[in-house]
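Following: one structure in structure tokens, then a few remarks.
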Amino acid sequence: MKKMNMNQDDYRYKIANREALIGIGIVIINFIWWYGFAYGLGSKNPAEYTYILGLPAWFFYSCVLGFVVMVLLIWLVIKLFFIDIPLDELDDKENKQL
Amino acid sequence: MNWQAILPLVLFLIIVFAVGMWAGKYVKRSDSFLQEYFLGGRSLGGFVLAMTLVTTYGSASSFLSGPGAAYNQGLGWVLLSTSQIATGYFVLMILGKKFAIVTRKYKAVTIVDFLKSRYESKWVVLLSSLSILIFLFSAMSAQWIGGGRLIQSLTGLSYIASLFIFSVSVLVYVIIGGFRAIAITDAIQGIVMFAGTLILLIAVIIAGGGVPAIIADLAAENPNLITPFGANADLTPAYVSSFWVLVGVGVVALPQIAVRAMSYKNSRSMHRGIIISTIVVGFIMLNMHLIGVFARPVIPGIEVGDTVMPLLAQTVLPNWLSGIVLAAPMAAIMTTVNSLLLLVSSTIVKDVYLNYIEPTAKERKVKYLSMWVTALLGIVVIVMSLNPPDLIIWLNLFSMGGLEAAFIWPIVMGLYWKKGNKYGAIASMIFGVGSYILFESFYPQPFGMHSVVTSIVIAFIAYVTASLMMQKKHLVIEE
């Protein structure tokens, strides 16, 4: 029973595993963007800050633009790499296993 | 009493109430009561899925204490809170389709169900049920108290009366409607939260004389407020980054969140859900905390952080509009407690009662039991909120990190690592929660980071080591 349940042969698991890895990739990109702009531009003396739309540049790039970029990236990744698969049990596949 | 502000709030509660009744009809119609009541029949579409994820996650802290901290710390705290954008996509991408497929195969309705089928161990079930009951019950009580206080401050009624209003409005639709009612009302309340954030952001920018003027005022008061390092320059990059674990990726392990990753209809709803929840959670978290910072020049000198947002709304908005905006934190609290209440109830009925006390219980009995347990839990919470015991307050401090340390590896590694076994899961839960409580109590912020980071690392080592060490024994038993 257990062996059948967790069988790794199910073709859908390959897709699911790949998409989970993409998720990890995205969160790493997100973190680097967030950290790089915040501490790269924000570590100098506040008197030397430049401003965009009234906000300090570090904040604008890291938090505001970073948010927009992430939404676009995620939208793109889902359109390009995420595959539509059935989630319910596959009857014929199950029968073969038994 | 301020009727102009109360009226929109009452209207809001009535709508929520009506939806609960409407969704309750599905519970009566559906073939499988358990699947329907605790999981909405796995039928959520992308929009509802996204909204119920975001609103369950966004609680009193996103609308009250979070903006309050931002008010005191400046833009550095907004930076910290934007790590929560990751929750919008990470949960659904990591648990993802694998979780949906596997839980359907197992016919799992709860997280404990999933762990039970994956590890086939009584101890895993008992330990995980216990963690859920302890941590989530105390988290729920804390939010419940927050809900009562909020109504009190809005209406001027006594705390007891406010608590009563809050409790009735939450209990009715949770008891009758179950998961579906919660998910649908979450969607409505999510829209309220989104709109409230937008209105308040615009109002505070106008009241402060535009963004450049507000930033200039902040820099004149204390230049640290516009740096990433906090008002006293003590928010280190390591500390702020560690919130990516606590409120970012670690959220994947919160049972009330993870259970939503098995509730969607098909993979297309999941794709839409990822995009929508990223937009909504990012928008609310970024802007609510930004509002907290912008409030500083507009209403200076506030002592209690939690009151920044209600006071700001009442200052910068006309009465009727502030009523609508203040429905947002109300919604945030309600949407969190309703999911917690249902989850605790499902743990008792499904994971403990049906597993160990009466496995052959009839559908009808399970149905009445579920509703009664939910109602009874509600009453216990109300009684505790009248005079909160210190233990509850203490436990609530550990709730989020504790659950993450307990569940992250048993869930994630259970899905993706074949060799993971029950010994690993048990070791991971014990070491994770144990080390977290010890660190928090005696040695907070090891390596300059939030203790949850260290505990999750320890839990990972425990999971892998125990799984590998006991692998032979595990195989022998299986054969």
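These numbers were taken from a predicted model, which means no experiment stands behind them. In what follows, chains carry the letters A, B, and so on, assigned in the order in which the sequence lines appear, proteins first and then strands, with residues in each chain numbered from 1.
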Exercise. Please state whether the side chain, the backbone, both or neither of Val240(B) comes within less than 4.5 Å of a heavy atom of chain A.
Key: both

Quiz item: Which residues in residues 65-72 of chain A have a heavy atom less than 4.5 Å from any heavy atom of chain B?
Solution: Phe67(A), Met70(A), Val71(A)

Exercise. May I ask you to decide if Leu79(B)'s main-chain N or O and Trp34(A)'s side chain share a donor-acceptor pair within less than 3.5 Å?
Key: yes

Exercise. State, with a plain yes or no, whether a side-chain heavy atom of Phe59(A) is found less than 4.5 Å away from one of Ile226(B).
Key: no

Self-check item: Residues, nucleotides or ligands: over 12 heavy atoms within 6.0 Å of Tyr61(A) OH
Solution: no

Self-check item: Side chain, backbone, both or neither of Phe229(B) within contact of chain A (heavy atoms, under 4.5 Å)
Solution: side chain

Quiz prompt | Winner by heavy-atom pair count (cut-off under 4.5 Å) against chain B, out of Gly54(A), Ala38(A), Gly42(A) | solution = Gly54(A)

Quiz item: Can you tell me if CZ on Arg104(B) sees more than 12 non-hydrogen neighbours from other groups inside 6.0 Å?
Solution: yes

Quiz prompt | pair Tyr51(A)-Val211(B): side-chain heavy atoms closer than 4.5 Å | solution = no

Quiz item: OG1 of Thr278(B) to CD1 of Ile78(A): how many Å apart, nearest 0.5 Å?
Solution: 7.0 Å

Quiz item: Which atom names give the shortest non-hydrogen contact between Arg12(A) and Ile101(B), and what distance separates them?
Solution: NH2-CG2, 3.2 Å

Quiz item: Tell me, side chain or backbone of Ile26(A) under 4.5 Å from chain B's heavy atoms, or both, or neither?
Solution: both

Quiz item: So, Lys97(B) side chain and Asp84(A) main chain: donor-acceptor pair closer than 3.5 Å or not?
Solution: no

Would you mind writing out the side-chain donor-acceptor pairs for residues 83-95 of chain B within the sub-3.5 Å range, not counting sequence neighbours?
unit_1, atom_1, unit_2, atom_2, d
Ser83(B), OG, Leu80(B), O, 2.7
Gln84(B), OE1, Tyr57(B), OH, 2.7
Gln84(B), NE2, Ser81(B), O, 2.9
Thr87(B), OG1, Gln84(B), O, 2.5
Tyr89(B), OH, Asn30(A), ND2, 2.7

Practice problem: Over 60° means perpendicular and under 30° means parallel, so classify the ring planes of Phe82(A) and His271(B), tilted if in between. | Solution: perpendicular

Self-check item: Largest heavy-atom contact set with chain B, pairs under 4.5 Å, which of Trp75(A), Tyr35(A), Trp58(A)
Solution: Trp58(A)

Quiz item: Given a strict heavy-atom distance threshold of 4.5 Å, which part of Leu75(B) is in contact with chain A: side chain, backbone, both, or neither?
Solution: both

Quiz prompt | Distance, nearest 0.5 Å, that separates CG of Leu41(A) from OG1 of Thr227(B) | solution = 13.5 Å

Exercise. Name the member of Ser62(A), Ala47(A), Gly23(A) that forms the most heavy-atom pairs with chain B at distances under 4.5 Å.
Key: Gly23(A)

Quiz item: Where does Leu55(A) contact chain B at under 4.5 Å (heavy atoms): side chain, backbone, both or neither?
Solution: both

Quiz prompt | Heavy-atom donor-acceptor pair, Ser267(B) side chain to Ile85(A) backbone, under 3.5 Å | solution = yes

Practice problem: Taking the six-membered ring for Trp and the single ring otherwise, decide whether the centroids of Tyr13(A) and Tyr416(B) are under 6.0 Å apart. | Solution: no

Quiz item: For chain A, which of Gly248(B), Ala213(B), Pro212(B) has the most heavy-atom pairs under 4.5 Å?
Solution: Pro212(B)

Exercise. Pick one of side chain, backbone, both or neither for Leu286(B), based on which atoms fall under 4.5 Å of a heavy atom in chain A.
Key: side chain

Practice problem: Check whether more than 12 heavy atoms from other residues, nucleotides or ligands sit under 6.0 Å from atom NZ of Lys44(A), and answer yes or no. | Solution: yes

